[in-house]
Undergrad: 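Handing you a structure now.
Source: prediction; values computed, not measured. For ligands, and for the atoms within them, numbers begin at 1 and follow the listed sequence.
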Amino acid sequence: MKPLSQDWLAELNLSPLWREREPVALAPSPASEGASATVIEVAQMDWAQLKQTVATCTLCPLHEKRTQAVFGVGDEQADWLFVGEAPGAEEDMQGEPFVGQAGKLLDNMLASISLNRSERVYIANVVKCRPPGNRNPEPAEAAACAPFLDRQIDLLAPKLIVALGKVAAVRLLGRDASIASLRGQVLNYHGRPLIVTYHPAYLLRSLMDKAKAWEDLCFIKRTMQDLQSAERTPI
Ligand code: URA
């Protein structure tokens, strides 16, 4: 296994600035034209049904301007789940999360702890469609998309969830708090370990916090090792 490396930190100095960025009935159901999938139906979907439902979702206004919904990417048996905020312009065009500048940084952060986006890692967002002008998703948009992320998490059953930034942290924890107050702890999403760290797009703009993000990555890696050794130890 490659040693932990801080190479990605150096790249922060080179990266261009990242640009600024209620209903309960859900998307039109692929099964029954004109009808809507309910939260309960979404909670029972398999991967294929869920992808199809997300691709055709018209639940919130974000669908109006999207090129495509951005479902998620990675290993569907992943131990690690990284959750971001919402697709940006590049993601909207390519249909894959974190492929722009912030994505390059996320890839470097993953590499620094010997991970990559296609092996044992899954990457998803709180909302699946790009908010115009890369603004933060509105709470109602995050709420409309919530059953989709919840179902992705159920299907994946990751060992560890990493919330990237405040939007993901607030959505998964169900409470408002600063990243500063949440980082460095193992929190809990529906009984699954959850760690909060800075969003890569924030790190592109806020070089002061890069050392803290590095501490978080080391903590994330150690926590996974602890979880894995606890699994191996018979009770
Ligand atoms: N920022 C996010 O939170 N998600 C993406 O997919 C891209 C940028």
Undergrad: H199 heavy atoms, cut-off 4.0 Å: which ligand 1 atoms fall inside?
TA: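 So the answer, numbered in order with elements, is 1 (N), 2 (C), 3 (O).
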Undergrad: Taking the six-membered ring for Trp, are Y122 and W47 ring centroids under 6.0 Å apart?
TA: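 Ring-ring flag for Y122/W47: true, centres closer than 6.0 Å.
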Undergrad: Among A86, A124, G84, which one puts a heavy atom closest to atom 5 (C) of ligand 1?
TA: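 Nearest heavy atom to atom 5 (C) of ligand 1 lies in A86.
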Undergrad: Using a strict cut-off of less than 4.0 Å between a Lys/Arg side-chain nitrogen and an Asp/Glu carboxylate oxygen, indicate whether K159 and D79 qualify as a salt bridge.
TA: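 So K159 pairs with D79 through a salt bridge.
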Undergrad: Salt-bridge test for R183 and D216: reply yes if a basic N is under 4.0 Å from a carboxylate O, no otherwise.
TA: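 Salt bridge between R183 and D216, a charged N being under 4.0 Å from a carboxylate O: yes.
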Undergrad: If you count the atoms of ligand 1 from 1 in the order shown, which ones are under 4.0 Å from a heavy atom of P97?
TA: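 Taking each heavy atom of P97 in turn, ligand 1 has 6 (O) under 4.0 Å.
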Undergrad: Quick check on E90 - does any of its heavy atoms sit under 4.0 Å from an atom of ligand 1?
TA: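 No.
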Undergrad: Hey, are K128 and E141 close enough for a salt bridge, meaning a charged N less than 4.0 Å from a carboxylate O?
TA: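 Result for this pair is no, no salt bridge flagged.
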Undergrad: Is the distance between the ring centroids of F98 and H199 under 6.0 Å?
TA: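 H199 vs F98: aromatic centres under 6.0 Å.
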Undergrad: Counting both backbone and side chain atoms, is some N or O of E91 under 3.5 Å from an N or O of ligand 1?
TA: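 E91 vs ligand 1: no N/O contact under 3.5 Å.
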Undergrad: Do Q228 and L160 have side chains that get closer than 4.5 Å, going by heavy atoms?
TA: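 In short, these two side chains do not touch, never coming nearer than 4.5 Å.
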Undergrad: Looking at E85, which atoms of ligand 1 are within less than 4.0 Å of one of its heavy atoms?
TA: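 Those qualifying, in numeric order: 2 (C), 3 (O).
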Undergrad: Kindly confirm or rule out an N or O of A102 lying under 3.5 angstrom from an N or O of ligand 1.
TA: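 There is no such contact.
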